[in-house]
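The first residue of the sequence shown is numbered 1, and numbering continues consecutively from there.
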Amino acid sequence: MPHPPSRPLATGPRVAIRPFTPEDGPEFTARARESKDLHRPWLFPPDTAEAYADYAGRLIEDPARAGFLVCERETGSIAGFININNIVRGGFQCGALGYGAFAHAAGRGLMREGLDLVIGYAFGPLGLHRLEINVQPGNTASIALARGAGFRLEGFSPDMIFIDGAWRDHERWALTTEMRR
């Protein structure tokens, strides 16, 4: 399933992060279809070629977004994805993280390692100062990932994001470069 990967942006002991490419579509969408039970009701990653092309295209072309695939170093297979959305420059230097593991990689610590690499890349080469994660309160796995990476809970926003046909409450988590040091 994996194709020859693009050059990694950062590597850890078990995973590497690299940008999305159009060629990742078949593997990404197959993994998304295999992972529906894991993702629902929190997340709806693209699971068709057309939806992937649109999704990846926005991550590749839009300067206010940066998309990263978390890939197992040994096999090159995609373990999950982490995106930085709504990147704001100027005095803010902030972005909002979204992420998801695929079922075959869930519970193995690969996303935790990948998140550390993305945070390092965001605070390093991307020059961001703050990262935010908005999580539905019942999504305990996502909250554990945010907490484990050092994010602090900053608040609660009722009816914040429209997901799966309804406005959903979210907890707001954040990390700054100062907290990382």
Quiz prompt | Distance (rounded to the nearest 0.5 Å) between R58 CZ and R65 CZ | solution = 5.0 Å
Quiz item: Are V118 and M179 grouped together when hydrophobic residues (ILVMFWY) are joined by side-chain heavy atoms under 4.5 angstrom apart?
Solution: yes
Quiz prompt | All side-chain contact (heavy atoms from CB on, under 4.5 Å) counterparts of L117, not counting sequence neighbours | solution = A10, V15, I17
Practice problem: List the steps, then state whether side chain to side chain contact (heavy atoms under 4.5 Å, CB included) holds for N83 with Y55. | Solution: CA-CA 11 Å; N83 302 326; Y55 177 79; 2.5 Å; yes
Quiz item: W173 versus L97: any side-chain heavy-atom pair under 4.5 Å?
Solution: no
Quiz item: Which atoms form the tightest heavy-atom contact between D24 and L69, and what is the distance?
Solution: OD2-CD1, 3.2 Å
Practice problem: Just say parallel, tilted or perpendicular for the rings of F20 and F28, cut-offs at 30° and 60°. | Solution: tilted
Exercise. Please round to the nearest 0.5 Å and tell me the distance separating atom CD1 of I60 and atom OG1 of T21.
Key: 6.5 Å
Quiz prompt | For the student: nearest non-hydrogen atoms of A149 and I119, plus distance | solution = CB-CD1, 4.0 Å
Practice problem: Specify the closest pair of heavy atoms between P137 and I143, including all atoms of both residues, with the distance to one decimal. | Solution: O-CD1, 3.4 Å
Practice problem: Looking only at non-hydrogen atoms, find the nearest pair between P158 and D169 and report the distance. | Solution: CA-OD1, 3.2 Å
Solution key, residues 85-95 side-chain donor-acceptor pairs under 3.5 Å, sequence neighbours excluded:
residue : atom : partner : partner atom : Å
R89     : NH1  : Q93     : OE1          : 3.0
R89     : NH1  : L126    : O            : 2.6
R89     : NH2  : L126    : O            : 3.1
Q93     : NE2  : G90     : O            : 3.0

Quiz item: When rounded to the nearest 0.5 angstrom, what is the spacing between NE2 in H129 and OG1 in T176?
Solution: 5.0 Å
Quiz item: Would a 4.5 Å heavy-atom cut-off, applied to side chains only, mark I78 and V70 as touching?
Solution: no
Quiz item: Which pair of non-hydrogen atoms, one from R18 and one from C71, has the smallest distance, and what is that distance?
Solution: NE-SG, 3.5 Å
Practice problem: Specify whether F81 and F102 have parallel, tilted or perpendicular ring planes, treating 30° as the upper limit for parallel and 60° as the lower limit for perpendicular. | Solution: tilted
Quiz item: In Å, rounded to the nearest 0.5 Å, how long is the span from CD of E72 to CZ of R14?
Solution: 8.5 Å
Quiz item: Are F156 and L153 connected in a single hydrophobic cluster, I mean Ile/Leu/Val/Met/Phe/Trp/Tyr linked by side-chain heavy atoms less than 4.5 Å apart?
Solution: no
Exercise. Nearest 0.5 Å please: distance from the OH atom of Y52 over to the OG1 atom of T29.
Key: 8.5 Å
Exercise. Hey, could you give me the CD/CG distance between E171 and N139, rounded to the nearest 0.5 Å?
Key: 10.0 Å
Quiz item: If you take all heavy atoms of R112 and L145, which pair is closest and at what distance?
Solution: CA-CD1, 3.6 Å
Return a table of donor-acceptor pairs under 3.5 angstrom between the side chains of residues 37-46 and protein atoms on other chains or two or more places apart.
residue : atom : partner : partner atom : Å
H39     : NE2  : A101    : O            : 2.7
R40     : NH1  : L43     : O            : 2.9

Self-check item: Those residues that, when tested against P13, pass side-chain contact (heavy atoms from CB on, under 4.5 Å) (two or more places apart)
Solution: E113
Quiz prompt | Set of residues satisfying side chain to side chain donor-acceptor pair (under 3.5 Å) with respect to S142, sequence neighbours excluded | solution = Y99
Quiz item: Can you list every side-chain hydrogen bond (donor to acceptor under 3.5 Å, both in side chains) pair that touches residues 145-158, not counting sequence neighbours?
Solution: R130-E154, R152-E154, S157-R172
Self-check item: Note, R180 side chain near L131 side chain (heavy atom, < 4.5 Å)
Solution: no
Quiz prompt | Residues, nucleotides or ligands: over 12 heavy atoms within 6.0 Å of E61 CD | solution = no
Self-check item: Shared hydrophobic cluster, V135 / I84 (ILVMFWY, side-chain heavy atoms < 4.5 Å)
Solution: yes
